[in-house]
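All values below were derived from every heavy atom in this structure, side-chain atoms included, with hydrogens, water molecules and symmetry-related copies excluded.
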Amino acid sequence: MNYWLMKSEPSAFSIDDLKKRPAHKSPWDGVRNYQARNFMRDDMRRGDLAFFYHSSCPEPAIAGIVQVVSEAYPDATQFDPGSAYFDPKATREAPIWWLVDVEFQQKLQPFITLLQLRKTPGLEEMMILRRGSRLSITPVTEEEWRIVEALTYLAC
DNA sequence: GCCAACGTTGGC
DNA sequence: GCCAACGTTGGC
């Protein structure tokens, strides 16, 4: 099993939005970066866990935990001319963009802020904390996962 | 709004 | 294949 961190702008799609979806599930659509796509298409497995990260907002933070609940399949928005994520180069026969479904597991209370992550020993190498890191989906090591989880327990 | 750090595009 | 120009991301 692998661990991940997935970014989303809460103004577009937040952890609460995911919880409100039918069965607490949603396709992780709209990813238009090849590296992030490859992680979903090639490396994610049903049962993997991911931090749901809120980006581009007043307080960037890990807001919750989600689980990967599907194998990778084509992102339907690439075929939809009405979608902001439409890709004219994609066809049903040769899709370009792939995604997985994620299911709400829990909301962290409180959120683990970016500032807090930066201050925490053991997380120095975390991909999201690296200078200039913009990838919307990044792998998280088991060690990093445990350290972040411990932060939430401490807060209780 | 600024800007650093990337990724993508396209001319050559 | 190089690389300049341009677009995007996302923290601040």
Side-chain angles (χ1 to χ4, degrees), chain A residues 2-21 26-44 48-68 72-102 104-141 143-145 147-152 154-155:
Chain A
N2 291 313
Y3 298 101
W4 305 93
L5 182 143
M6 303 170 84
K7 292 185 194 173
S8 180
E9 300 189 17
S11 58
F13 189 66
S14 70
I15 188 79
D16 289 328
D17 293 330
L18 176 60
K19 193 177 179 182
K20 279 183 248 166
R21 289 292 177 89
S26 172
W28 197 262
D29 59 17
V31 170
R32 293 296 179 269
N33 169 283
Y34 289 107
Q35 234 183 314
R37 176 206 65 182
N38 292 348
F39 281 138
M40 286 199 282
R41 190 190 59 186
D42 306 332
D43 300 321
M44 279 192 181
D48 284 359
L49 295 174
F51 290 128
F52 190 120
Y53 179 86
H54 284 176
S55 65
S56 291
C57 55
E59 191 149 71
I62 293 174
I65 293 176
V66 302
Q67 184 166 40
V68 176
Y73 63 96
D75 181 340
T77 63
Q78 70 192 305
F79 309 123
D80 176 6
S83 166
Y85 302 120
F86 177 63
D87 186 338
K89 294 194 290 294
T91 64
R92 302 263 174 195
E93 295 70 34
I96 298 173
W97 306 108
W98 298 68
L99 53 66
V100 297
D101 290 339
V102 298
F104 175 87
Q105 293 286 111
Q106 69 176 112
K107 185 174 170 177
L108 299 189
Q109 282 162 345
F111 292 175
I112 306 296
T113 66
L114 179 59
L115 250 66
Q116 200 177 348
L117 293 174
R118 288 197 192 286
K119 282 190 308 192
T120 304
L123 298 182
E124 294 85 357
E125 300 299 312
M126 214 173 161
M127 282 187 74
I128 193 171
L129 301 182
R130 299 223 185 116
R131 189 177 166 75
S133 166
R134 300 179 312 168
L135 250 192
S136 66
I137 297 178
T138 51
V140 170
T141 68
E143 176 71 8
E144 288 162 350
W145 184 272
I147 291 172
V148 173
E149 270 196 330
L151 289 176
T152 71
L154 280 176

Need two values: the first and the last nucleotide of DNA chain C, 5' to 3', having an atom under 4.0 Å from any heavy-atom of chain A. C/dG7 to C/dC12
Contacts to DNA chain C from residues 131-139 of chain A, heavy-atom cutoff under 4.0 Å, which residues? A/Arg134
For a salt bridge (charged side-chain N to carboxylate O under 4.0 Å, His left out) with A/Asp75, tell me which candidate from A/Arg32, A/Arg41, A/Arg37 qualifies. A/Arg32
Derivation and outcome, side-chain contact (heavy atoms from CB on, under 4.5 Å), residues A/Ile15 and A/Phe104: CA-CA 8 Å; A/Ile15 188 79; A/Phe104 175 87; 3.8 Å; yes
Between A/Ile128 and A/Leu135, is a side-chain contact (heavy atoms from CB on, under 4.5 Å) present by the stated rule, with each step listed? CA-CA 8 Å; A/Ile128 193 171; A/Leu135 250 192; over 6 Å; no
Out of the candidates A/Ile65, A/Thr141, A/Leu49, A/Val148, only one should pair with A/Tyr3 under the side-chain contact (heavy atoms from CB on, under 4.5 Å) rule; please name it. A/Leu49
Separation between OG (A/Ser8) and CG (A/Leu18), nearest 0.5 Å, reads 9.5 Å
Can you say whether the rings of A/Trp28 and A/Phe13 are parallel (under 30°), tilted (30 to 60°) or perpendicular (over 60°)? perpendicular
Is the closest side-chain donor-acceptor distance between A/Asp80 and A/Tyr85 under 3.5 Å? no
Just verifying a value: how many Å separate A/Gln78 CD and A/Thr91 OG1, rounded to the nearest 0.5 Å? 8.5 Å
Does A/Leu108 form a side-chain contact (heavy atoms from CB on, under 4.5 Å) with A/Phe52? I'd like the steps, not just the answer. CA-CA 10 Å; A/Leu108 299 189; A/Phe52 190 120; over 6 Å; no
Expected list for residues 113-124 of chain A near DNA chain C, using heavy atoms below 4.0 Å, is A/Leu114, A/Arg118
Distance from A/Glu144 atom CD to A/Thr120 atom OG1, nearest 0.5 Å? 11.5 Å
